[in-house]
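Working notes for the structure below.
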Amino acid sequence: MSNEIAILGAGMHPWGKWGHNFVQYGVAAAREALADAGVPWRDVRFVSGGATVRCGYPGYVAGATFAQALGWQGAEVNTSYAACASGSQALAAARNKILSGECEVALVVGADTTPKGFLAPAGGYRPEDPDWVRFYLGITNPTYFALYARRRMDLYGDTQEDFAQVKVKNARAGSKNPRARYRKCFSVEDVAASAMVADPLRLMDICATSDGGAALIVSSLDYARRIGKADAPRVAAISTVTPSFASGVVEMPDIATDSAAAAGIEAQSFRASLPVKAYEEAGIGPEDVNVAEVYDLSTALELDWIEDLQLAPRGEAAQLLRNGDTAIGGRIPVNPSGGLACFGEAVPAQALAQVCELTWQLRGQSGDRQVEGAKVGITANQGLFGHGSSVIVKR
Amino acid sequence: MSDKPLAPAIEGWHTMGDQPHLIGTRCTACGTYFFPKQSHYCKNPDCDSTDFEEVELSRTGTVWSYTNACYEPPAPFVAPQPFEPYAIAAVQLEAEQMVVLGQVVTGVDTEQLSVGMPVELVLETLHETDDDIKVTWKWKPVAA
C-alpha cells in the first residue's frame with residue numbers, strides 16, 4: 001500500500017517585515033492554497049497548524065486559531081511545535097490522518113510574526129537553560145553558523161568568496177520570486193562590503209528573520225483522482241528523526257556536544273542523518289533528486305546541506321557551486337526559491353514554504369526560476385533541540 | 001581593575017585558581033561525560049544508569065573550529081562599553097570525546113587561531129557587578 005499523499009494546493013503570504021498579526025498571514029496562505037486546490041473549505045476535515053511561540057496563546061494553538069479564522073466548520077485540529085521543523089511535523093500529522101483513513105483532505109498551515117534583531121532568551125539567572133547560558137557567555141546564533149563555516153575553510157579549502165557566491169546565486173533566483181522578501185541581485189563585492197558579523201560570515205551571509213505564512217492542501221490519492229488531480233505532486237517521504245547519540249557537532253543552543261567516550265558510541269552528525277530516513281521511505285537515492293530546498297541560515301550552511309543530502313561527496317559542495325551545478329539551469333539546482341537568503345526565516349512557515357516551492361517546481365509553474373523537467377525534489381531543515389526534517393516530493 | 005573578589009559567573013561549572021578545570025560528571029556505568037553536569041539520568045541510549053561521579057574535565061584540547069563576535073550580544077550578556085569584539089572557540093577534548101564552546105582570551109583574534117591548534121583553559125573576567133568580578137572559562141592557545 002502506498003504511503004503517499006497528494007499535494008492539491010499550495011499557498012503563501014509573501015515574506016517581509018509587515019508587523020501584522022500572524023493569523024492574517026496564515027489565512028492568506030490557506031485561502032490561496034484552497035483556491036489553488038479547487039477544494040471547498042468545508043471539505044477540509046483536518047487542520048494542522050505549525051505553532052509560533054512568539055505570538056502568545058493563539059500561536060500555541062495555531063491549528064485552532066487558523067481554523068477559527070477561516071470559519072469553524074467542525075474539522076479536527078492539531079498543532080505541532082518542532083522549531084524549524086514545525087511545518088513538517090504538522091504535515092506528518094496530516095499524512096497520518098489521511099493514511100489512516102480518518103480524513104480525506106487536510107489543510108497544513110504555519111505563519112509567524114518575528115521580532116527584530118537577535119532572538120534573545122528570557123531573563124533572570126537561569127543556568128539550567130542552555131539558551132540562557134550561551135547568551136550569557138556571549139554566544140549568539142551566528143556563532144554556530146560561523147564555526148561550521150570556518151571548519152569548511154580549514155578542512156576543505158572553501159573560501160569566503162565561495163560563501164558569497166552562494167548569496168549571489170540565491171539572490172539571483174529570489175529576484176524572480178514574487179513571494180520573496182529580498183529580490184535584489186547582489187555581487188560578490190556587495191557581500192564582501194557588508195559588515196563582518198562572526199568571522200568568516202558577513203551580514204549578507206546570514207539570513208534575517210521574517211514574517212510570512214505558508215499552507216498546503218493535501219489529500220488521499222483516491223480523493224485526488226476523484227477531483228481529476230491524479231497527477232498532482234505527492235509527498236513521498238517525511239523524515240523528522242531525532243539526532244543519534246552521541247551528537248558530535250555542537251548545536252545551537254548547547255555549550256557542548258555529547259560525549260562519545262562510552263564503548264560502542266560514536267560521534268554522529270544530525271544533519272546528515274535527516275535525509276537518510278527520507279530516502280529510505282521514498283525508495284529513492286540522491287541520484288534521483290532534481291531540485292533541493294535547504295535551510296541556508298548561512299551561505300556556508302547551504303554547502304553543508306548539499307553534502308548532508310549526499311548531492312556531493314563530503315568537502316566537495318563548493319566545487320559543485322563553482323561549476324554552476326547548483327544554480328537554476330545547473331545539474332542539481334539548490335534553493336531555486338531564493339532560499340532563506342531571500343526570504344528570511346519565519347520559523348513555523350519555513351518548512352512548508354520549502355514544500356510549496358517544490359510543488360510549484362514539479363508542476364512546472366515556477367516561471368523564470370523553473371528547474372526544467374523537475375520530477376523529484378527534497379527539502380531539509382534543522383532547528384533547535386533536536387528538531388529537523390527532510391521531505392521528498394515527487395511527481 | 002578593581003580589588004573586588006573573584007566569583008564564578010556560573011556557580012559550580014569550573015574550579016578556581018591558576019589551573020582551572022571545567023567540572024562535569026561521568027556516568028559510573030558507561031563512562032559518558034557530561035558538561036554541564038548531569039546527575040539524574042544518562043543520555044546514552046544503551047545505558048539507564050542514575051549513578052554519576054563529579055569529575056574535572058581535561059583542561060587542554062584542540063580547536064575544532066573558531067569564530068568571533070563582532071556585534072554586542074543581547075542580555076543576559078553584559079558587554080563592556082565600548083564593546084570590543086572577542087574570539088570564540090569550539091574545543092575538542094580528547095579523553096571526554098566532546099567539544100566545548102567558550103570565548104578565547106582577550107588579545108587573541110581569529111587570525112591567530114586554526115583548526116587543530118592546542119589550547120588550554122584559563123579564567124578571565126566576563127563582567128563586573130557591584131560586589132565582585134564574575135569570571136568564566138576561556139580558551140588560550142598553548143605557547144608553542
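This structure is a prediction, so every number in the text was calculated from the model and none was measured. Sequence lines set the chain letters: A, B, ... in the order given, protein chains first and strands last, and positions in each chain run from 1.
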Looking just at side-chain N and O atoms, do B:Q19 and B:E120 make a donor-acceptor pair shorter than 3.5 Å? no
Heavy-atom contact with chain B under 4.5 Å, split by part of A:A267: neither
Turns out that what part of B:K134 lies under 4.5 Å from chain A's heavy atoms comes down to side chain
Could you tell me which of A:G264, A:A256, A:A146, A:A149 has the largest number of non-hydrogen atom pairs under 4.5 Å with chain B? A:A256
For residues B:W139 and B:Y66, establish whether the separation of their ring centroids is below 6.0 Å. no
Can the ring centres of A:Y295 and A:F145 be said to be less than 6.0 Å apart? no
Spacing of SG belonging to B:C27 relative to CZ belonging to B:F52, to within rounding of 0.5 Å: 5.0 Å
Test of understanding: with ring-ring contact (aromatic ring centres under 6.0 Å, His included), list the residues that count as partners of A:F22, not counting sequence neighbours. A:F66
Between A:E128, A:R151, A:M153, which residue shows the highest count of heavy-atom pairs closer than 4.5 Å to chain B? A:R151
Given the options B:F34, B:Y86, B:F35, B:W64, which has more heavy-atom pairs under 4.5 Å with chain A than any of the others? B:W64
Can you tell which part of B:Q103 gets under 4.5 Å to a heavy atom of chain A, answering side chain, backbone, both or neither? side chain
Of all of B:V115, B:V100, B:L126, B:V99, which one pairs up most often with chain A through heavy atoms under 4.5 Å apart? B:V99
Among A:V250, A:L137, A:D254, which has the most heavy-atom pairs under 4.5 Å with chain B? A:L137
Please tell me whether A:Q350 and A:D112 have a donor and an acceptor in their side chains that are separated by less than 3.5 angstrom. no
When only pairs under 4.5 Å are counted, which of A:D258, A:I265, A:V249, A:T257 shares the most heavy-atom pairs with chain B? A:T257
